[in-house]
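Everything on this sheet refers to the single structure shown next.
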Amino acid sequence: MHKSAGFAIKSFRSVAYHTSSCTLPNPSASLIHEFTQFCYQRNLPRAMEAMDAMHKHGIWADSITYSELIKCCLARGAVEQGKRVHKHLFSNGYHPKKFLINVLISMYVKFNMLDDARELFDQIPERDFVSWTTMISAYANAKLNDKALEFLILMLREGVKPNMYTYSSVLRACDGLSNLKQLHANIIKSGLDSDIYVRSALIDIYSKWSQTGNALRVFNEMATEDLVIWNSIIAGFAQNGDSDEALKLFKRMKRAGFPAEQATLTSVLRACTGLALLELGRQVHVHVFKYDQDLILNNALLDMYCKCGSLEDADTVFTRMVVKDVISWSTMIAGLAQNGYSREALRLFESMKVSGLKPNYITFLGALFACSHAGLLEAGWYHFRSMKKLFGVDPGREHYCCMIDLLGRAGKLDDALELINEMECGPDVATWRTLLGACRVHRNVDLAIHAAKQILRLYPQDAGTYILLSNIYANAQRWNDVAQIRRTMNDMGIRKEPGCSWVEVNKQIHAFILGDNSHPQLDEINKHLTRLIQKLKGVGYVPDTNFVLQDLEGEQREDSLRHHSEKLALVFGLMSLSKEQTIRIRKNLRICGDCHLFAKLVAKVEHRIIVIRDPIRYHHFRYGVCSCGDYW
DNA sequence: TTAGGGTTAG
């Protein structure tokens, strides 16, 4: 049936072309001619009218013209018209060419109508590699990983050979390493591993599964002339927190003569952010000017300045941004909150809502963090309740954590416990750890023990919990319990993560690790530190030995404090940087009360600005006070 | 007609 119809089109088309230069005696030919013209002119309404007229006469135009019409529908988001084209192409027994069917499937995919795409896919008898790949790619994009993988298997079973398009799509759908290894083997077998799209997809998926070693192997297998491949590998390391390697690769890329563009710079900024490398970040900023209003890049820049503790720079970037999305606002709100500007953070949050942009899960984390770190109980409750009620955002464990932190710091430990019991999602290790931290501040030994037990039940290897608990016992002078914990840790082979601080001097990072004496200027630093402690004692510094874990006496207790890595990093900063330069320290553990006091006094006596970033927040010390208001 | 890289919390 459809064969004869196909023949009919051919004859009409030849008539249409043949008669184009003179009058059009044949009404069918003139209809097709008109239709073709409208399609190429992208005049959708007239083309649809012409198509309807052709439909009435039972005639069809050629495939290329229909594909132009479908492009036109796509460009205008004209779903209904697209469906009408589909209907027309399958009416009265006419059967479009395979190529055109693939265009229709792809149209549904682009309209995000996967079910319609699938229905059409199932109807057609012969599916080629393009039909299969279109479906696989659609499922992978929709994160329907099982479907994408299932379709690959079915495709292979039908004897259709996947090509580079298929593999680069299906790789994204890998949801486990065994899948990935198997696919990688297939790719090598089919010789498609040198295709740049397949390679970047491999690098990407290995990175996503934290297999940066394998990603690097794929990258190193052959020299590349492709910028995206470079961007993929740099992003892979930056996203996995291996900022050093990301920056090394970036240098390699520059040496190889590749230009850095938006995606490169975004990843490089992320690497700077990870290492708190403000100076390098500023250098990258110079390159960013070229892409002045790139939203993602500006967002990364904002985050870099916030995480490097330079709020002035962040604010300048934020103000200059013409287009801001929810990420820009969330970054700035969280950045302000973490740097001790809670009220400014909340003001910005209000402005965001006024601007009409809807806050999301992460925006609320920033707002609640601001409340908890400024002790704003009422505001905290308000935002916590409003997230679901006004914005339809379900509070997650992290939001509960902020609230428990807020209540806990304010001394309302019972309310905090009550909130834990109310959690629909149930408490996890982080929840109990937050409560434990509050118990420590308020010296509630019984509740602390309860919280610690909950944590160790869920995660018996958690060194941080043993340390916190033993600190609580130490504060309560319960040295027997301290010793018991140390025995348990020894028996279980649990080690405390050593405190480590980093300070940037002349674009070089200097690391100070507790118990590591390898810094070449350590003697000098220690001498300087001794003199400094004496000087500070002259203005009233009394070492706060509450933070000493061991059962030590008098001077020994003081002595164990002076080895804290941030003190060494701070002294080294004092020695190496000029008075005008801010001393910026990043550390892996939370700052202790004694080091906090020490930094405040140093800022006052030495007239310095000091910024210390711990895993949770930032402390800006200036004129003897800290931006956290001693509340952290 | 089918494919690749970048941003927000912890």
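Excluded from the calculations below are hydrogen atoms, water molecules and symmetry mates; all remaining heavy atoms, backbone and side chain alike, are included.
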Using OP1 and OP2 only, check whether a side-chain N or O of A:Arg270 sits under 4.0 Å from B:dT7. yes
Does any N or O donor sit under 3.5 Å from an N or O acceptor when you compare the side chain of A:Ser168 with the base of B:dA3? yes
Polar side chain donor-acceptor pair, A:Ser232 to A:Asp204, under 3.5 angstrom: no
Do the side chain of A:Asp226 and the base of B:dG4 come within less than 3.5 angstrom through a donor-acceptor pair of N or O atoms? yes
State whether the number of non-hydrogen atoms from other residues, nucleotides or ligands found under 6.0 Å of A:Gln123 atom CD is greater than 12. yes
For B:dT8, take OP1 and OP2 only and decide whether either is under 4.0 Å from a side-chain N or O of A:Lys307. no
Looking at B:dG4, does its base get a donor-acceptor pair with the side chain of A:Asp195 below 3.5 Å? no
Ignoring backbone atoms, establish whether A:Ser137 has a side-chain N or O less than 4.0 Å from OP1 or OP2 of B:dA3. yes
State which of B:dG10, B:dA9, B:dA3 makes the closest approach to the side chain of A:Ile616. B:dG10
Any residue in residues 113-135 of chain A with a heavy atom nearer than 4.0 angstrom to DNA chain B? Just list them by number, or reply none. A:Val130, A:Thr133, A:Thr134
At less than 4.0 Å, is any side-chain N or O atom of A:Gln239 found next to OP1 or OP2 of B:dT7? Yes or no. yes
Locate the shortest heavy-atom distance separating A:Ser328 from A:Leu295; write the atom from each residue and the value. OG-CD1, 3.8 Å
Please confirm whether the shortest side-chain N or O distance from A:Arg199 to OP1 or OP2 of B:dA3 is below 4.0 Å. no
Euclidean distance, atom CG of residue A:Asn102 to atom P of B:dA3 [Å, nearest integer]: 12 Å
